[in-house]
Protein chains: 2
Amino acid sequence: MSLRERKKDKTRADLLAAALELFEKQGFAETTIHQIADAVDVSARTLLRYFPTKEDVVVSWVEEGMSVFLSSFADRPASEPAHVSLLASARAMLAHYQSQAEFYLTIERAIASSPAIRARKLEMSARLAEEVTELLRQRRGTAGGGDWQVLLYPALVFAMLRAVIGRWVAENGDRDLLALFDEASSLVTFAA
Amino acid sequence: MSLRERKKDKTRADLLAAALELFEKQGFAETTIHQIADAVDVSARTLLRYFPTKEDVVVSWVEEGMSVFLSSFADRPASEPAHVSLLASARAMLAHYQSQAEFYLTIERAIASSPAIRARKLEMSARLAEEVTELLRQRRGTAGGGDWQVLLYPALVFAMLRAVIGRWVAENGDRDLLALFDEASSLVTFAA
DNA sequence: AGAAATTTGGCACTGAGTGACTTTTGTGAA
DNA sequence: TTCACAAAAGTCACTCAGTGCCAAATTTCT
């Protein structure tokens with residue numbers, strides 16, 4: 001990894017750290033992009049090149065979790081029922097969260113604390129659900145899942161994920177994410 | 001109803017109409033608050049007194065639907081299982097949508113067309129889910145529902161609602177919302 | 001008609017975000 | 001090492017959303 005890339009990674013991480021600290025101390029709306037940038041000795045313009053919006057300084061980090069979901073999903077056999085693949089990939093993603101529990105706990109706390117950031121995350125999550133719907137549709141040539149499954153099941157699984165993560169955060173990460181997820185998913189049955 | 005109130009209602013409605021038209025023609029991001037206000041012969045300052053943000057010019061109108069959900073929910077017996085109440089109130093809300101199909105179709109189309117508006121709506125929907133969770137918790141003294149039901153079921157039902165409305169919009173309102181909802185809900189079973 | 005209350009407009013301001021241009025800094029070859 | 005090139009960072013000027021404040025207009029009530 002080149003010096004350039006290492007510096008970029010460091011700046012990204014520093015910006016996140018500074019943002020989290022300021023958001024916690026003063027709140028999201030009360031913190032300016034300029035303050036965050038100053039704390040890292042970088043211009044506001046540069047911050048906005050790293051992150052397209054103020055929300056993204058925090059929320060972009062959940063994309064990693066989402067890519068874990070997607071790559072797990074890609075590995076599932078196309079012959080598998082939709083809901084089985086989805087639940088398996090959800091568990092894979094949560095395992096990733098659990099493996100960096102402190103990190104994601106901090107981020108999710110910041111997300112939960114501000115309506116604006118939360119809105120952005122919900123939008124990302126909705127977009128991901130649509131992407132997964134599309135992937136399921138492409139399966140349909142081979143193994144199906146009706147029109148509804150393909151649309152509904154991703155939406156429901158992501159709603160479950162949000163609920164589970166929400167509770168995890170509310171309980172300060174005391175319990176295991178996968179255990180929480182299994183408790184939740186035992187209450188819902190998907191038609192095959 | 002006084003002249004003042006009638007005028008206010010008219011201005012609200014005019015602003016919505018102007019916004020929808022401009023958003024459709026040029027897109028949400030490309031339309032300024034000023035353009036919307038001009039189209040209604042009102043100052044931008046006034047627009048922002050009617051609607052706190054540009055997104056709200058469109059999205060605030062779904063609050064009516066939400067209040068239908070809530071008032072239906074309040075009428076359900078507290079002894080009823082959580083998911084029964086939730087599904088019943090969801091149907092009540094969709095019946096309201098269906099009764100003003102053209103109106104909601106137009107609005108939901110605009111919402112779907114812009115990530116920013118969609119994010120706002122998702123946030124509102126998440127907030128409503130939390131409110132309903134709170135109401136369910138208050139039931140628990142009398143008739144229960146475990147900790148998980150109370151958190152998870154509202155989240156899932158609202159996810160179902162979004163999926164159903166999404167499909168309804170995608171199909172141009174051709175099919176009946178309640179029929180769509182029943183199709184969707186037949187694929188999911190909630191543990192009692 | 002006229003005083004009181006409410007609504008609207010105008011203005012100045014902050015902060016997010018963008019585009020264009022210049023300066024700095026890392027990279028790769030001679 | 002040094003020098004040319006590319007990538008990144010900074011600067012500046014700008015647009016637009018949103019807010020607070022005060023003055024002008026409009027509605028309401030007497």
Side-chain angles (χ1 to χ4, degrees), chain A residues 1-16 18-20 22-23 25-60 110-111 113-121 123-124, chain B residues 1-16 18-20 22-23 25-60 110-111 113-121 123-124:
Chain A
M1 199 156 83
S2 68
L3 169 61
R4 217 168 235 175
E5 281 175 322
R6 269 179 287 135
K7 271 198 162 182
K8 281 215 278 187
D9 281 5
K10 183 178 184 310
T11 304
R12 271 185 79 86
D14 287 353
L15 285 169
L16 171 66
L20 288 172
L22 287 164
F23 293 169
K25 205 185 341 174
Q26 331 175 326
F28 176 79
E30 292 70 29
T31 302
T32 69
I33 269 181
H34 198 84
Q35 286 179 301
I36 304 170
D38 274 358
V40 184
D41 266 308
V42 141
S43 73
R45 191 68 184 83
T46 294
L47 183 151
L48 287 170
R49 272 195 272 258
Y50 277 81
F51 302 101
T53 71
K54 190 166 77 165
E55 288 81 31
D56 283 294
V57 176
V58 169
V59 96
S60 71
I111 293 172
S113 75
S114 151
I117 315 186
R118 199 162 77 135
R120 192 72 145 225
K121 195 205 164 182
E123 223 279 311
M124 282 179 53
Chain B
M1 200 157 81
S2 68
L3 168 61
R4 219 168 233 175
E5 281 175 321
R6 268 178 287 137
K7 270 196 163 182
K8 281 218 275 188
D9 282 4
K10 182 176 186 312
T11 303
R12 271 184 80 86
D14 287 353
L15 285 169
L16 171 65
L20 288 172
L22 287 164
F23 293 167
K25 204 187 339 177
Q26 332 174 324
F28 176 79
E30 292 69 29
T31 302
T32 69
I33 270 182
H34 197 84
Q35 288 179 302
I36 304 169
D38 274 359
V40 183
D41 267 307
V42 142
S43 72
R45 190 67 186 83
T46 295
L47 182 151
L48 288 170
R49 273 196 273 256
Y50 278 81
F51 302 101
T53 71
K54 191 166 78 164
E55 288 81 30
D56 282 295
V57 176
V58 170
V59 96
S60 71
I111 292 172
S113 76
S114 152
I117 314 186
R118 199 162 76 135
R120 192 72 146 227
K121 195 206 165 180
E123 223 277 312
M124 282 179 54

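Chain letters run A, B, ... following the sequence lines, proteins first and then strands; every chain starts at 1.
Residue side chain A/R6 does not reach the base of C/dG26 through any donor-acceptor N/O pair under 3.5 Å, judged by distance alone. The base of D/dA9 sits with one of its N or O atoms less than 3.5 Å from a complementary donor or acceptor on the side chain of A/R49. Applying the 3.5 Å distance criterion, the base of D/dG20 shares a donor-acceptor pair with the side chain of B/R45.
The side chain of B/R4 approaches D/dT26 more closely than any other nucleotide in the set C/dG9, C/dG17, D/dT26. With D/dG18, C/dG17, C/dG9 as the candidates, the nucleotide lying closest to the side chain of A/L48 is C/dG17. Picking from D/dG18, D/dT28, D/dC16 the nucleotide with the shortest atom distance to the side chain of B/T32 gives D/dC16.
No donor-acceptor distance shorter than 3.5 angstrom exists from the side chain of B/K54 to the backbone of B/I117, with no hydrogens or angles considered.
One finds the NZ atom of B/K10 at 9.5 Å from the CG atom of B/L15 (value rounded to the nearest 0.5 Å).
Across all strands shown, A/I33 has heavy atoms under 4.0 Å from sugar-phosphate atoms exclusively, and none from any base. When heavy atoms are screened at a 4.0 angstrom cut-off, B/T11 is found touching no nucleic acid atom at all. Looking at heavy-atom distances under 4.0 Å, B/F51 makes no contact with the nucleic acid at all.
Atom CD in A/E30 sits roughly 11 Å away from atom P in C/dA16 (whole-Å rounding). Computed from coordinates, the A/L47 CG to D/dA9 P distance equals 11 Å when rounded to whole Å. In this structure, the CG atom of B/L22 is 16 Å from the C1' atom of D/dA17, given to the nearest Å. Counting to the nearest Å, the C1' atom of D/dA9 and the CG atom of A/D14 are 15 Å from each other. Taking atom CG on B/D41 and atom P on D/dT26, their separation rounds to 13 Å, with Å as the unit. Taking atom NE2 of B/H34 as the reference point, atom C1' of D/dG18 lies 15 Å away to the nearest angstrom. A straight line from CG of B/D38 to P of C/dG10 spans 11 Å, rounded to a whole angstrom. For the pair B/E55 CD and C/dA16 C1', the computed distance is 13 Å after rounding to whole Å.
A close approach under 4.0 Å does occur between a side-chain nitrogen or oxygen of A/Y50 and OP1 or OP2 of D/dA9. Within the 4.0 Å cut-off from OP1 or OP2 of D/dC16, not a single side-chain nitrogen or oxygen of B/K54 is found. Phosphate proximity of D/dT28 to B/S2: present, with a side-chain N or O under 4.0 Å from OP1 or OP2. Contact between the side-chain N/O atoms of A/K7 and the OP1/OP2 oxygens of C/dG26 is found at a separation under 4.0 Å. Contact annotation: A/S43 side-chain N/O to D/dA9 OP1/OP2 distance is not under 4.0 Å.
Between B/S60 and B/R12 there is a side-chain heavy-atom pair separated by less than 4.5 Å. Residues B/F23 and B/E30 fail the side-chain proximity criterion, which asks for heavy atoms closer than 4.5 Å.
Across all non-hydrogen atoms, the minimal contact from A/A116 to A/E55 is O-CG, 3.7 Å.
Mapped onto DNA chain D by nearest heavy atom, B/F28 and B/L3 fall at different nucleotides, with B/F28 at the one closer to the 5' end.
Cation-pi geometry between A/K8 and A/Y50 is not met: the NZ or CZ atom fails to fall both under 6.0 Å from the ring centre and inside 45° of the normal.
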